[in-house]
Amino acid sequence: MSSLTLDIAEGSIVVLIGPSGCGKTTTLRMINRLVEPTSGAIEIDGEDITARPVAELRRDIGYVIQQVGLFPHHTIATNIATVPKMLGWDQDRIRTRTDELAELVGLDSSLLDRYPDELSGGQQQRVGVARALAADPPILLMDEPFGAVDPIVRTRLQDELLELQGRVGKTIVLVTHDIDEALKVGDRIALLNVGGILEQYATPDELLRDPANGFVEEFVGEDRSIKRLQLKAVSDLSFNQGPVVDVSASLAQAKDTMERHGTEWLGVTEGGGFLGWVSASDLDAVDDLSQAPRALPAAQVQRDSTLRTAMQVIMTSHTSVAVVDDNGTFGGVVTLESIREGLEQGGEAL
Amino acid sequence: MSAVVAQASNPIVRWEYFVDEWDQILEAVVQHLELTVISVAIGFVLSAGLAALALRFGWAAGPINGFTAFLYTIPSVALFAILVPYFGFSRVSAIVPLALYTLLIIETNIVAGFAAVPADVRDAADGMGMSPVRRVFTVELPLAMPYIITGLRIAVVSTVGLVTVAAIIGQGGLGRLILDGLRRTFWTPMTIGAVLSILLALALDGLIYWAGRRATPWANRPKGTA
């Protein structure tokens, strides 16, 4: 491996990714000294990792591997308690912590007395994560943690990891070869090339928006824009109100609003809540806006929906507009145009 | 007339022999058991040492295996006889060859057991900051146990059989009954010696199997559904 310099922010998830032979696993294993670098230094909180006994260092760093590596002869509870036992915790503290962890990673407590062979792959992986978190280490190393489970379980475990991270806020270094996984779970991604050359170290959005070179561009794939849609949420957009008026507005105001937006339809709200879409042709037959039939179905998205979901909704709506539902109140509208602008704007909105 | 009949009648087992020679039979069983247990115990300790060497120093594995295999090829009768000039018609002359014969079986199984410990399990143990000594005794040894148990079972069964041969140097427990019957063309002690030897082998084998299952509860559970 060539020289590599990475700065990993506390409490963030950094993904190491790259083709086979790029040294991503080797890099990971250098952090807990399962591989010793021939030159250079690794520091945690400014302290060189070689400054203290290796066993002590490792007990402070959670370690999760693809094959999980559970001890087949120990029950799930005993597996989870591995590091606390080495640290000399008393029985009561270990039991309390084990129950807490089972709950945290979503393991039924009835499984605690089983042996690893009696669990499914997904359950075993959860135990692996629980075991790594047992002594509450500030750092978690994960080597292709979801590589051995099927795609459905993998997606679920990824979601669970993000949810878990929201609660525990560890500094996580995760190795994967799956770019979609990297984009999904990483706060920052280090893309390595064969020989350990760092091609780019950036946020997922930066990596997609502004690949550093041809290698990065090829690695992230041709559908970069589509992938970015997945990364951003509706709340990242600066959405406008659109052709929308309150139900108390006059017909003249309504027509005026449509003219300004160049649409043949109009949204009606009442007391902040969205009532529905009204067609321009229906306005001639009524005296009052409240009487107008709200014939067009309203397609709705949430603030935390991804732009990809928003796009999906827009594609299937009659008005080419998605209404942002902000906990029951009207939050604005999303159009294809606003999505395109949002992507152009880059990462600033994030 | 009655004497002739008595001579001609040489049944497989003459039941009164049990009553007449009970003390002898019991002594033979006890001696047989002692020789077996002592020999296998010594063989186990030596095997553990050799296996540790083979596992610690990869280059030693080949020579150790060659040496124990060579010992195993020496005919037992010859090996017992060779030692008599040094140790006389003593227990030592019986135990040394019996112990040496177990080396190939037990050492090979110990090495296979440790080799079968999954690499990811070892990696996880190291990664969690387990010391090598702790890893060997709390992770690798328990996982190697089924192999070691198997080695012990084979060693015990084969040793029980071999102990009978040690009768030619005046040891040998139940072998003495067999030899005695052979010399006198008298079926009863031969049959009793052979049958008890078989029963002893089966009993010891069953005992170790049972103890092994007790020691490895994780190995007897049904697999989980994916």
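In what follows, chains carry the letters A, B, and so on, assigned in the order in which the sequence lines appear, proteins first and then strands, with residues in each chain numbered from 1. Everything numeric here is computed off the predicted structure, so don't read it as measured data.
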How about OH on B/Tyr147, more than 12 heavy atoms from neighbouring residues, nucleotides or ligands closer than 6.0 Å, or not?
no
Proximal component of A/Ile61, with respect to chain B [non-hydrogen, under 4.5 Å]:
backbone
Rounded to the nearest 0.5 Å, the CZ atom of B/Arg134 sits from the OG1 atom of A/Thr82 at a distance of 8.5 Å
Please state whether the side chain, the backbone, both or neither of B/Met130 comes within less than 4.5 Å of a heavy atom of chain A.
both
Does the side chain of A/Tyr115 come within less than 4.5 Å of B/Pro217's, by heavy atoms?
yes
Is it the case that atom CD1 in A/Ile152 sees more than 12 heavy atoms from other parts of the structure closer than 6.0 Å?
no
Measuring only between side-chain heavy atoms, which start at C-beta, is B/Asp120 closer than 4.5 Å to A/Val68?
no
Please check if the number of heavy atoms outside A/Arg167 that lie under 6.0 Å from its CZ is greater than 12.
yes
Could you check whether atom CG of A/Asp45 has more than 12 heavy atoms from other residues, nucleotides or ligands sitting under 6.0 Å from it?
no
d(B/Thr138 OG1, A/Met86 CE) to nearest 0.5 Å is 8.5 Å
Based on non-hydrogen pairs under 4.5 Å, which of B/Gly129, B/Pro118, B/Ala125 is most in contact with chain A?
B/Gly129
Contact leader toward chain B among A/Pro116, A/Gly128, A/Gly69, A/Gly122, where contacts are heavy-atom pairs under 4.5 Å:
A/Gly69
A/His74 atom NE2, neighbour heavy-atom count above 12 within 6.0 Å
yes
Can you tell me how far the NE2 atom of A/His73 sits from the CD atom of B/Glu140, to the nearest 0.5 Å?
10.0 Å
Is any side-chain heavy atom of A/Phe71 less than 4.5 Å from a side-chain heavy atom of B/Val121?
yes
A/Asp90, CG: over 12 other non-hydrogen atoms inside 6.0 angstrom:
yes
Are the charged groups of A/Arg29 and B/Asp123 less than 4.0 angstrom apart, N to O?
yes
Using non-hydrogen atoms and a 4.5 Å limit, figure out which bit of A/Leu57 sits close to chain B: side chain, backbone, both or neither.
neither
On a heavy-atom basis, which atom in A/Arg131 and which in B/Ala124 lie closest, and how many Å separate them?
NH2-CB, 3.4 Å
Using non-hydrogen atoms only, which part of A/Val83 is less than 4.5 Å away from chain B: side chain, backbone, both, or neither?
side chain
